[in-house]
Amino acid sequence: MKRLVLLFTMMTVLCISVMAHAADPPKLVGVWEGQPSVHDMKAGYYTGKLVLNITGQTGNAFHGAKVYKLAAPKKDRSENFSGSISSTGQIFIADHDEGFMIGTMTKDGEIELQYGHNGKTAVAMHVVLKKK
């Protein structure tokens, strides 16, 4: 009898675990906006606006374009990206030009990201994006 109870308990835990990981990823397609905090070697500290336009998603993978509207360089910049979101809400975005972003989907449904790249044009950024 004890073996039967133990087997039933293990099967229940396994089923619950599989169901938790089988959940559909959040729908990310759409426009996300936020005000980044930025530092780079030339301009120092500044802010502006970041628009992340996610145009396609299949499962946990997505792609789109982002536009930086920054105060310091006084030049809008756009670049394409590819990304993924894990079952725990961790996000990775690889720019098609240079750099990458890492972050998480918050419990409030926002995306919190950090960006960076190194070298002569090194820059670091933090932003919380809200879906429009």
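All residue numbers in this chain count up from 1 along the given sequence.
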To check you understand the geometry: which heavy-atom pair defines the closest contact between [X] and [Y], and what is its length?
| X | Y | value |
| --- | --- | --- |
| I85 | N60 | O-ND2, 2.7 Å |
| P36 | G48 | CD-O, 3.5 Å |
| M41 | G119 | SD-O, 3.6 Å |

Revision key, fill the gap. Residues passing the side-chain contact (heavy atoms from CB on, under 4.5 Å) test with Q35, sequence neighbours excluded, are T47
Exercise for review: Classify the ring geometry between F81 and F62 as parallel (under 30°), tilted (30 to 60°) or perpendicular (over 60°).
Suggested key: perpendicular
Check your understanding: Is the closest side-chain heavy-atom distance between V38 and H126 below 4.5 Å?
Key -> no
Exercise for review: For the residue pair E79 and K66, establish whether any side-chain heavy-atom pair is separated by less than 4.5 Å.
Suggested key: yes
Point to revise | CA sep, side-chain torsions, deciding dist, call: I102, L113, side chain to side chain contact (heavy atoms under 4.5 Å, CB included) | key: CA-CA 6 Å; I102 56 172; L113 295 171; over 6 Å; no
Review point. Given H117, which of D40, V123, D95 fulfils the side-chain contact (heavy atoms from CB on, under 4.5 Å) condition?
Key: V123
Check your understanding: Does atom CG of D108 have more than 12 heavy-atom neighbours, drawn from other residues, nucleotides or ligands, at distances under 6.0 Å?
Key -> yes
Review point. Hey, is E33 close enough to K49 for a salt bridge, meaning N to O under 4.0 Å?
Key: yes
Review point. Any luck finding a side-chain donor-acceptor pair between Q57 and H63 under 3.5 Å?
Key: no
